[in-house]
Every structure is written in C-alpha cells, then in structure tokens.
Protein chains: 2
Amino acid sequence: MAREAARHEEDTTMTDAAAPARRPTVYDVAQQAGVSIASVSFAFRHPERLTDATRERVLAAARRLGYAPSAAARGLARGRTGTLGLHAFDLMLERADPGARADDEQSAVHRPTLGGGGVIPWGMTDDETLSDPRAFPLYVDEIQRGFALECWMMGRPVMVTSGSDSDVSIADTAGRVDGLAIFPTDALPSALSRVTVTIPTVLFSVAPDDDPYHRVRVDNRGGIRALIDHLVDDHGIDDIAFVGRLESTDGTERFGEYLASLRRWGLRPRPEPIDATVKGEHRLIEQLNALIDAGALPDALVCSTDQHALLAIDLLSARGLRVPEDVVVTGFDGILAGRLSTPTLTTVRQPMEAMGRAAARILAGQAGPLPDGQARFDAVFAPQLVVRRSCGC
Amino acid sequence: MAREAARHEEDTTMTDAAAPARRPTVYDVAQQAGVSIASVSFAFRHPERLTDATRERVLAAARRLGYAPSAAARGLARGRTGTLGLHAFDLMLERADPGARADDEQSAVHRPTLGGGGVIPWGMTDDETLSDPRAFPLYVDEIQRGFALECWMMGRPVMVTSGSDSDVSIADTAGRVDGLAIFPTDALPSALSRVTVTIPTVLFSVAPDDDPYHRVRVDNRGGIRALIDHLVDDHGIDDIAFVGRLESTDGTERFGEYLASLRRWGLRPRPEPIDATVKGEHRLIEQLNALIDAGALPDALVCSTDQHALLAIDLLSARGLRVPEDVVVTGFDGILAGRLSTPTLTTVRQPMEAMGRAAARILAGQAGPLPDGQARFDAVFAPQLVVRRSCGC
DNA sequence: TTGTACGCGTTATCAC
DNA sequence: GTGATAACGCGTACAA
C-alpha cells in the first residue's frame, strides 16, 4: 500500500472518532465505496467508463462523506484552473471604503456585530452611502456584469480580484486563473509586463505602447465627435471646454478628438483640459470655482466621464448656476446615475456589458480565429450618443 | 538530482528554443537565479528570511521569466485556497440569456465577430436589453457587490459561480473556495446537504429546516408590517391582496405577515396570494387580468418583490388602470429600478450591500465570536420602508 | 542563510 | 472495467 493511502487510512480513523472537519478526499471515498481512487476520479470525470453499479456506489459514498473534489489538486494535475479572472487595481478599494478618503475616521463603513442575536438596526448598515447610484453601478460594474454573464453561459467560474500595482498583486491573481481581464488605470501598471507571457490577457483600454495584450475598447474618437457635432450643429454652441485628465489613454484620446472636432468646425478649443484629478482635493472644484469667479465659464463642459460631469453639475448648482440654461454639461460612459441626475445627463454610452462579454470570450478561446497577420484581438466597439436634458434638448 | 528537477531542466531547455508558453515554475526561477527552489518560495512567502541580495536576484529572475506562483499548487500544499465563493443557482442563467426563455431563437444575445478589424456597430451589442435597469442591478447584484467589497477590503479574491441544483455543480464550487455564500432559491437545493460538513456556508435566507448553515437575512415580518401599517393607517386602504409565490421561505414569511397584519387591523386578507410564478407564461398576468375582468381588483397589491410589483404596474397600465389612483402597488427589496419606474415604487428596502458584507466576514472568520450556545451565525437585518409614489404618497 | 526531500489531492497513463 | 502509480508546483521541516 502506498504511503498516501496509509496516511489517509490513519486520518480517516481519526476522523470517524473526533470528526475534526478535514475535507474528505478520493482516498476516503474510495475506501468507503470499496474501490480504487482511480474509480472515484472516473466517477466524476469519465462516468461512462464505469459500470453503472460502480459509479452509483462511488457517488453514494461521496454524498455520504460530503466529498467535493479539490479544485487545487485538479488544477495542479491538469495545468489549468478553469477559471477566468477580472482584476482591478486600487481603483475599487477607493470605492470600498468611502471613509478612507476623507480624514475623519467616523465616516468609515460600519461593521455591525453579527452574533448579537437581535435584529441589526437599519442605521448600522450604511445603506444610504452604499446604495447611492453615484457609486453603483459604475463603468467597472457593468463591464464586470457582462464578463460574469458570458462566463456563466460558458460554464466557467469567475474570479474577481483587486490589488495594488505590484508584481506580487498581479502575479497572485494571474496564478489563479487561465485568463485575465484587467481594468484600465491612469498609468498602466508596469507590473503587467511580466504577466502575459504565459497567460492570455485582455485590457479594457488602449495601452500606451506595443505589447501582446488583447484589447477590448470603445471608439472614443467617434463618440466625442458625435457629441461635439450635436452641441455645435444642433445647439449652436461655440465655446466648449473639456473636463478630464490626461493620465489615461482613454482620456487622452477623448481630449484629442475634442481638439480635432472643434478645429474641424472652425472653433477654438481650450488647449488644456480642466483638470479633474481626484487625488487630495478635487482639482476640478478649485478650477471650476476659479473660472466662475473670473466670469470665464464656457458655454459647455464636455466631460471625460459621467462621474466628472455629475460632479460638475453639483458644483455649478451649488454656485447658483443652472444646467443647461447657464452651462451645458455632458458626460461619457453612460452609467445609470446619469438617468437619475437633475438634469438628466447627455452622454456617450459605451456598450459595457458587451465589452465585458467580449473579453470573456477572448480569454476562453471562444472568440473565433484571430484576424490575418494579427497576434491579438483588438475589439473596438461603437458607442452611442444619448441625448438627455443636460445639453439643452 | 530529483526527478522533478530533471524534468524541469529538460523542459526549460525546450522552452528556451521553441517557447511553447509553458508557465514558468519555481524550478525555472531557481535555475535562472542560481538558487534552490526553497529560496524562490521564501522570496515570495518569507522575504525576511533571505538576504537582500538573494531575494532581489530571485525576484528579478521571476520578473524576467514572467513567473506567477501557481495558486493550485499553493492551495494544495496549504490546504486552503484563500478565496471565498458566491454561488447562484440557475437563477442567473435565466437573466444571462433573455432569449432562452422565449421560443424564438432570434432574441438570443448577439455575439459579434471580434476579429473583424472594423468598429463593432452599436446594433450588435444588445445594449438596450442588457442595460435595462429592470434587469440590472437586481437583488443578487447588490448582495454580490457588498460581498466583493468586503472581500477586497480583507484582501481576499472572490469566486462567483452559477450552476444547476446538482451535486456536481455545488461540489465543484465548494472545491474551489474556503467558504461559500449561497443565494436563496425557491426550493432550497438538496445538494446543499453534502457541502457544509467541511466548508463554512452562508445562506441568504431562512432555510426550511434545521441545518448547520450560517444565515444572513432580512426581517421580512417587520418589513411587511411597516408597509401594511402605512397603507392602512396613513392611506385608509382596507382591501389589500398579496402578490407572490410561496415556494421560497422569504415569500412564505412575507405572506404570513400579510395575513397577520391585516387581521391585527381587523381587516380580512385574501387567503391565497395572487400567484406570481414565472415558469411558462406568467401566471400573474392571467390572474390579474381575470381579476380586472371580474371587477374584483383590490385597492392595493402588496407584492413579494419589486420585480413582481413592476410587472404588475406594467400590466395595470396596459389595461388602462392608473397607479396609484385606481390601484396601489408596493414592492419589496428596494432595487434601483423602483426609483426609475412610473410611478416610482413604494417598497421595503433590504440593506443588500451590508448583507453581502456580513456574509463575507462570517466566511472569513472575521465576524467575531459566535453567540453563546449557538453553533452558527444568524444575522437578521432590519429593512426600511421607502415611501414613493405608487402607494399614493 | 540555503538546499533537500516529502506531502498536498487529483488526473492520466499504463498494466491487468 | 478497474487498479497501481507517476506526475503536477509549491510550502516547509529538517539537514547542512
């Protein structure tokens, strides 16, 4: 008898007595059913190779013992885990603990006592904060939903992770999955350069340089062009400023097309975007206030994201300015919060679910053949102009 | 030299030549860095035990090779995967492919060609269907968000799965995680009885019988009571019907409290709920139509979920009836769609994010000590009455 | 501080 | 059809 079997036999005996909740293994099931471990494995992976009687005997024993095959062992033996991953950098953590951004520790999310026995009062749940449509669902959430939907349809588990831009963080995630989709960050993390060699990877953005990653992205230029054409052509607006940040490639593309579109209409763009960087104090707040104080506010603010646009609307309202009567404000992304704001937000909607689904199919190898001569997928989705109230329509 | 090392050396040579994208292992890194595999492992798990020079040399080699430690191997060695899981039964698949329910195959979700080269047109993305607030975010999505948030804060990966009510499906998920949270289903799957023995499990509902699972749930009775008190006391309504299904324990609790509350007010409840079963044709549709045709519509419909309520409002509108003028309609859950409907929906909101977070903390062993004499957590959250337009307010 | 050797639970390849 | 056994890659006790 092999050493493993010996060990297991011994442990099993112990388990029968004290039941220390050790997870049962093939050895335990094999012993219970009076077969070899190979038959146990076959009963789950190749049922047709076993006699009906044997298979039933094995499955019955497995049921009795509460046996669940270890995915870790299977992954090790097969060389693949079967799961697809979706990784976000600290981006998400910022949302996770709204209080962490502010200085006061009191605003941190509550952790009600769960063993208390009584009903946990509403006030301990922070539901007002967590359920704010401004915080959920966002761009990442809709992408994630599409990714998860497609994975479910393909019968594959999804692993969702988040971490910092470090080798360890990204490598840890990469070590758990067969394929990895990564959300864009402002500065595309350097850690990425070591992951892809061995694992298929999709980025939800254009990357700064040439690399082997698949791409799933939106036609930023087409979206901004449609938006500016609407503002200029349908509303006759000619003084348009851009609100955003240029750290991300999406932001750069959108700002670039803002410049190009205005020039195409013979208008003069503002050479620098109004900075919407979030770190520390919102720079958008001080810059917008400065423009208002100087009486230099443009007729329209074309914002790089819906979140910037909603923040701008708040700010303008607080200063007594009306949107769209005094200033037109538009967004980009098409998150749900833009349907709930006052006024409702004119924006460029990305087909986020479809993009998430595309990423999953690429990683699962279900995306069809690569185009001739291409080493990777580069799926570019058309966005759609969504006209609501904030542009004056 | 051990057999493993021999194999790896051989493979590495092959890799250097043809680069068949085999994932690098500790052996590869050790060889590159000129150290033993133990040092490689230490460099990642116990950095302090290594000389700075050695550690850096190892990490550099790992970077160069694109090494990511295999979670499968680590999980096998340690006996734990480190991940927490969230499992849904076919529930989700129904949402995944709206076309699958209908008979016509044309309504299935599109799968645009991704290697085509051009921009994928908007019409291929099904965005109108997928982004409908009626479909997302729902109860499960908000729970999931809370679960993921808490896991992220604890630095744990999340695994999201979906499957049928079979031993294999639930066991497969259970084999991948250290703890498992499970969404309620109408009939609590029998497969559950074999999982928990070895893995901590949380159910988001009351279960029918006595079992070892942890619970995270809402105070259904308190919620319905507050709602009915509002309808009777503030609006003077006395003919109230209940819309729902009794297959789930949540539904049963809510219906039970509907009966109790009406009796407490001295009113006569309808002994049977209006059946909102979805299978096949919506029975709610035919039953409501029958009530309308018979002139037997009650003054108010208290629905077991927001989704039922929204469907009822659609139906009543289609028949030319006004909500709330002709019939009052209320929901339960507090999903976002209830803020976007016409009229906006009066409902009982569950603190879904908080419930998802509670489940994650319980599974991670971060929920504090168990109450005296209890073998499991049973966290009951208070819901909150959200008064909007559909009740006549 | 670093290296060696073994075990983790499964799958797959062979004999029988 | 069933059983024995060798990988799979990592963590770690123990030896050096």
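Values below: all heavy atoms of this structure, side chains included; hydrogens, waters and symmetry mates excluded. Each chain gets a letter, A, B and so on, in the order its sequence line appears, and its residues count up from 1. Small disclaimer: the values here were computed from a predicted structure and weren't measured.
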Please determine whether salt bridge (Lys or Arg N to Asp or Glu O under 4.0 Å) holds for the pair A:R156 and A:E150, giving the CA-CA distance in whole Å, both sets of side-chain angles, and the decisive distance to 0.1 Å. CA-CA 9 Å; A:R156 277 173 172 272; A:E150 190 70 28; over 6 Å; no

Tell me whether the OP1 or OP2 atom of C:dG3 has a side-chain N or O from B:S39 closer than 4.0 Å. yes

Tell me which donor-acceptor pairs under 3.5 Å the side chains of residues 78-86 of chain A have, and how far apart each pair is, sequence neighbours excluded?
residue, atom, partner, partner atom, Å
A:T81, OG1, A:T83, N, 3.3
A:T81, OG1, A:T83, OG1, 2.9
A:T81, OG1, A:R176, O, 3.2
A:T81, OG1, A:D178, OD1, 3.3
A:T83, OG1, A:R176, O, 3.1

Whole-Å gap separating C1' (C:dG9) and CZ (A:R74): 11 Å

Nucleotide nearest A:S70 (side chain, heavy atoms from C-beta), chosen from C:dT2, C:dG9, D:dG9: C:dG9

Length of the CG-P vector between A:L76 and D:dA7, whole Å: 13 Å

Between the two end axes of the helix from C:dT1-D:dA16 to C:dC16-D:dG1, each built from 5 base pairs, what angle do you get to the nearest 10°? 30°

Using a heavy-atom cut-off of 4.0 Å across all strands, would you classify A:V35 as base, sugar-phosphate, or nothing? sugar-phosphate

Whether B:S36 contacts C:dG3 is assessed here as follows: a side-chain N or O lying under 4.0 Å from the phosphate OP1 or OP2. Is that the case? yes

Are any of B:T51's side-chain N or O atoms less than 4.0 Å away from OP1 or OP2 of C:dT2? yes

Atom pair distance, as rounded to whole Å: CG in A:D28 and P in C:dG9: 9 Å

Tell me, please, which residues at least two apart from A:H214 pass side chain to side chain donor-acceptor pair (under 3.5 Å). none

Would you please name every residue forming a salt bridge (Lys or Arg N to Asp or Glu O under 4.0 Å) with A:R74, sequence neighbours left out? B:D172

What's the CG-P distance between B:D52 and C:dT1, to the nearest Å? 11 Å

Side chain to side chain contact (heavy atoms under 4.5 Å, CB included) with A:R55: which residues, sequence neighbours excluded? A:A43, A:P47, A:L50, A:D52, A:L59

Sub-3.5 Å donor-acceptor pair from the side chain of A:T51 to the main-chain atoms of A:T54, do we have one? no

Checking B:T161 against B:T173: is there a side-chain donor and acceptor pair closer than 3.5 Å? yes

Check the distance between D:dG3's C1' and A:Q31's CD and give it to me in whole angstrom. 16 Å

Given the side-chain rings of A:Y67 and A:Y27, with only the six-membered ring counted for Trp, is the space between their centroids under 6.0 Å? no

Nucleotide nearest A:A73 when distance is taken to its side chain, options C:dT2, C:dG9, D:dC10: C:dG9

Is there a side-chain contact between B:Y27 and the phosphate of D:dA7, meaning an N or O under 4.0 Å from OP1 or OP2? no

Quick one: which protein N/O atoms are closer than 3.5 Å to N/O atoms of nucleotides 12-16 of chain C? Pair and distance per line, please.
residue, atom, partner, partner atom, Å
C:dA12, OP2, A:H46, NE2, 3.4

note: B:R80, atom CZ; C:dG9, atom C1'; distance rounded to Å ~ 16 Å

Heavy-atom pair of closest approach, residues A:R357 and A:G146: CG-O, 3.0 Å

